[in-house]
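A quick write-up on the structure given underneath.
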Amino acid sequence: MNKTAEQYWKANIRLVSILLVIWFICSFLFGIILVEPLNTIKIGGVGLGFWFAQNGSIYTFLVLIYVYAKRMNALDVEFDVHED
Amino acid sequence: MDLQTLTYLVVGFTFALYIGIAFWARAATTGEFYAAGRGVHPVANGMATAADWMSAASFISMAGLIAFNGYGASVFLMGWTGGYVLLALLLAPYLRKFGKFTVPEFIGDRYYSRTARIVAVICLIIASVTYVIGQMKGIGVAFSRFLETEYDTGLYIGMGIVFIYAVMGGMKGITYTQIAQYCVLIFAYTVPAVFISLNLTGNPIPQMGIGSTMADGSGTFMMDRLDQVVTDLGFKQYTTQVMGSKLNMFVYTLSLMIGTAGLPHVIIRFFTVPKVKDARSSAGWALVFIAILYTTAPAVGSMARLNLMNTIQTGEVGTVEGNIEIAKVPQWMINWEKTGLLQWEDKNGDGRIQYYNEKNAEFAAKAEGYGWKGNEMTKVDRDIMVLANPEIAQLPNWVIALVVAGGLAAALSTAAGLLLAIASSISHDLLKGVFMPDISEKNELMAGRVAMAGAIAMAGYFGLHPPDFAAGTVAIAFGLAASSIFPALMMGIFYKKMNRSGAIWGMISGIGVTMLYVFQHKGIMFIPGTSFLGDMGPSWFLGISPNAFGAVGALVNFVVAIAVSKVTAPPPDHIQHLVEDIRVPKGAGTATDH
């Protein structure tokens, strides 16, 4: 693997790792592990933990994929590995 | 116009539309049959993926499970959406760059082994057929209600329609039909949700409705009211009831997420976009379209539960007038009774129905004091909730007809996508790839269609005795995919040193462990009475339900694969170069079909 490709791959791994940590926090941590303490915070009669488990995590997932696609497309250009 | 005629009209119209599109876009070449000629725009592809993805389990079954499991059903909501993050970040762009048609093809090339390819085909078929069984249950429920027949008859009719529909189209036809099906199903799902939310809380947006106060002027929040109503009858509190244990929920969610990223009919979608860039955004678009339904589902589930409880318990708990008279049950209950999926029995002979949790000892004692002799709603199949929902909420007939059409659209689109994955793995991977390399395109297509027909017959047979509700059966399919396909794909991309033996033994042990666990609790090949440990909580490993075991299987797969790869020869240089090549998008256009 040449140097650019190696750096590109490292940047990719870094981005993916950060996004997957957020992925874990918004679903497993907020929605399951910490659900009881978060449920003491109520918005409109709905506990925050319950809300993350049933709605909030899904909105976060959408943002994650959007950020990934945008950042990766930028990285492709930066390292000159984009198509055409 | 009466409901029956209206339902025929709406369902008939949507079917005519799908068949028209399938005919217009019918596949002529194998390229079009498998990958729609790679000419599909990311937004269109995202919408088709969403329809493909959201099956009878999502449309018909999930909200019913939410209604009865409350917070516990969050595993489906998070599991079936969070997997798209894994898919987008870890698999989709690389598989598109690789540029072949099927998942086993990637595994066979990456692990330089025909054996690996065959193992992948077998894993894929096991997972997909299990998934189709879940769809068949959903189709059976929808048709039995729509035609007012028994469940079994509904199932046979459904099988016939899936056959005609999937065998004709191929991927190109399926992609465009699925776009139409997405529109039908999302409209059918959200319209009743908006009406019901408006009725109950005065808020037209269902996602906000669950966080609003009741429209009856009491000032009580909807969720508090629901918790109150269910606990008053001895059921568990809606917003806190867990499914099994928290560990089980954790593993269940993880299993569904990994399974999402390992199911061939979804992965195959990312072969159909023009560029690597499009593969990334396609996954995002798919999730946008999926999220519309998934964020509405918690409202549909909770409101359906509240309406159902209020239908039967019309007044104060314990008073004679508090329960509905059997002579006065609403029409929807009579309609559903015909399907055999809803049943009641007047155990105490008071001419009224009592619906409560008889397994709650404390409340059962109280109920005896009221003169109640057991729960009288003897069967409430969870899978009927979404279809019955508009009737329960007394919405106009056209809404009910629409929901039936939407449920059928969801079940058909997914069944078709899965059947395509099965067909391509048999005709393309097994016949052309391994046993008959010289097979002509025409014969390959024919073999694919025969394979589809076989899969429908098999799934229909199991659909007569499904191992669980539609969503539960589908969850098992996800577990099987999670434990076999996903680890092999991920390590193929991210771990250059993963070799042939590691991947093969990883897949075999992963799916093996999962299947063994499912069969020992659910019966061998799901045949009732053959389970040797019983489908009971206490005999589960660490309290993990069979539906959730895929994550454990995936872990086994990773561990075995890495261990075996350490003690066997590393992959040859050209394979390591192939992996390096997959990792950069440049040159994706030059990747060829064969």
Side-chain angles (χ1 to χ4, degrees), chain A residues 1-2 4-6 8-9 12-13 15-20 22-24 26-36 39 42-47 49-73 75-77 79-84, chain B residues 66 70-71 73-75 77-79 81-82 84-90 93 207-208 210-213 220-225 239-240 242 246 249-250 253-254 257 275-277 280-281 283-288 290-291 294-295 297-298 301-302 494 576-577 580 583-589:
Chain A
M1 211 187 267
N2 62 40
T4 343
E6 213 167 297
Y8 169 77
W9 187 245
N12 177 358
I13 297 284
L15 174 66
V16 169
S17 312
I18 295 169
L19 296 177
L20 285 182
I22 303 172
W23 165 81
F24 182 85
C26 76
S27 51
F28 293 99
L29 193 67
F30 288 173
I32 299 176
I33 298 169
L34 295 180
V35 70
E36 287 99 0
N39 272 345
K42 298 237 175 205
I43 303 160
V46 182
F50 180 84
W51 182 79
F52 260 104
Q54 302 220 327
N55 256 330
S57 53
I58 301 175
Y59 299 131
T60 317
F61 296 151
L62 281 173
V63 175
L64 290 177
I65 299 184
Y66 176 78
V67 170
Y68 171 75
K70 212 173 156 58
R71 281 293 302 144
M72 279 311 284
N73 292 344
L75 281 180
D76 287 355
V77 178
F79 288 92
D80 194 29
V81 290
H82 57 287
E83 297 154 274
D84 32 73
Chain B
I66 295 173
Y71 164 70
S74 309
V75 298
L77 292 162
M78 289 187 284
T81 51
Y84 273 85
V85 178
L86 297 180
L87 192 58
L89 272 55
L90 302 177
Q207 286 86 339
M208 314 266 284
I210 53 171
S212 305
T213 51
T220 321
F221 283 113
M222 195 237 140
M223 277 295 153
D224 291 339
R225 169 66 60 85
T239 52
T240 56
V242 291
K246 274 171 90 172
M249 285 184 66
F250 187 98
T253 306
L254 189 61
M257 284 186 180
K275 288 179 183 176
V276 174
K277 218 167 114 180
R280 293 178 190 139
S281 57
W285 280 112
L287 190 58
V288 168
I290 291 166
Y294 272 64
T295 54
S302 56
F494 287 86
Q576 305 206 19
H577 288 140
E580 281 166 16
R583 290 178 177 182
V584 291
K586 204 170 195 167

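All values reported here derive from a predicted model rather than from experimental measurement. Order of the sequence lines fixes the chain letters, A, B, ..., with proteins taken first and strands second; residue numbering starts at 1 for each chain.
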Within the 4.5 Å heavy-atom criterion, are [X] and [Y] side-chain neighbours or not?
X: T253(B); Y: I32(A); answer: yes
X: I210(B); Y: W51(A); answer: no
X: Y8(A); Y: K586(B); answer: no
X: M223(B); Y: F50(A); answer: yes
X: V35(A); Y: Y71(B); answer: yes
X: V16(A); Y: L90(B); answer: yes
X: E36(A); Y: K246(B); answer: yes

Heavy-atom proximity to chain B below 4.5 Å, by part of [X]:
X: N12(A); answer: side chain
X: D76(A); answer: side chain
X: S27(A); answer: both
X: Y66(A); answer: neither
X: F79(A); answer: neither
X: L15(A); answer: neither

query = Do the rings of W9(A) and F494(B) sit parallel, tilted or perpendicular, given the 30° and 60° boundaries?
reply = tilted
Side chain, backbone, both or neither of S212(B) within contact of chain A (heavy atoms, under 4.5 Å) = backbone
M257(B) versus chain A, the contacting section by heavy-atom distance below 4.5 Å = side chain
inquiry  = Determine whether a donor-acceptor pair (N or O, by modelled atom type, separation under 3.5 Å) exists between the side chain of Q54(A) and the backbone of G70(B).
reply    = yes
What are the two closest non-hydrogen atoms of [X] and [Y], and how far apart are they?
X: Y68(A); Y: P93(B); result: OH-CG, 3.7 Å
X: L77(B); Y: A53(A); result: CB-O, 4.1 Å
X: A69(A); Y: R280(B); result: CB-CB, 4.1 Å
X: G284(B); Y: L62(A); result: O-CD2, 4.2 Å

query = Within a reach of under 6.0 Å around NZ of K70(A), are more than 12 heavy atoms found that belong to other residues, nucleotides or ligands?
reply = no
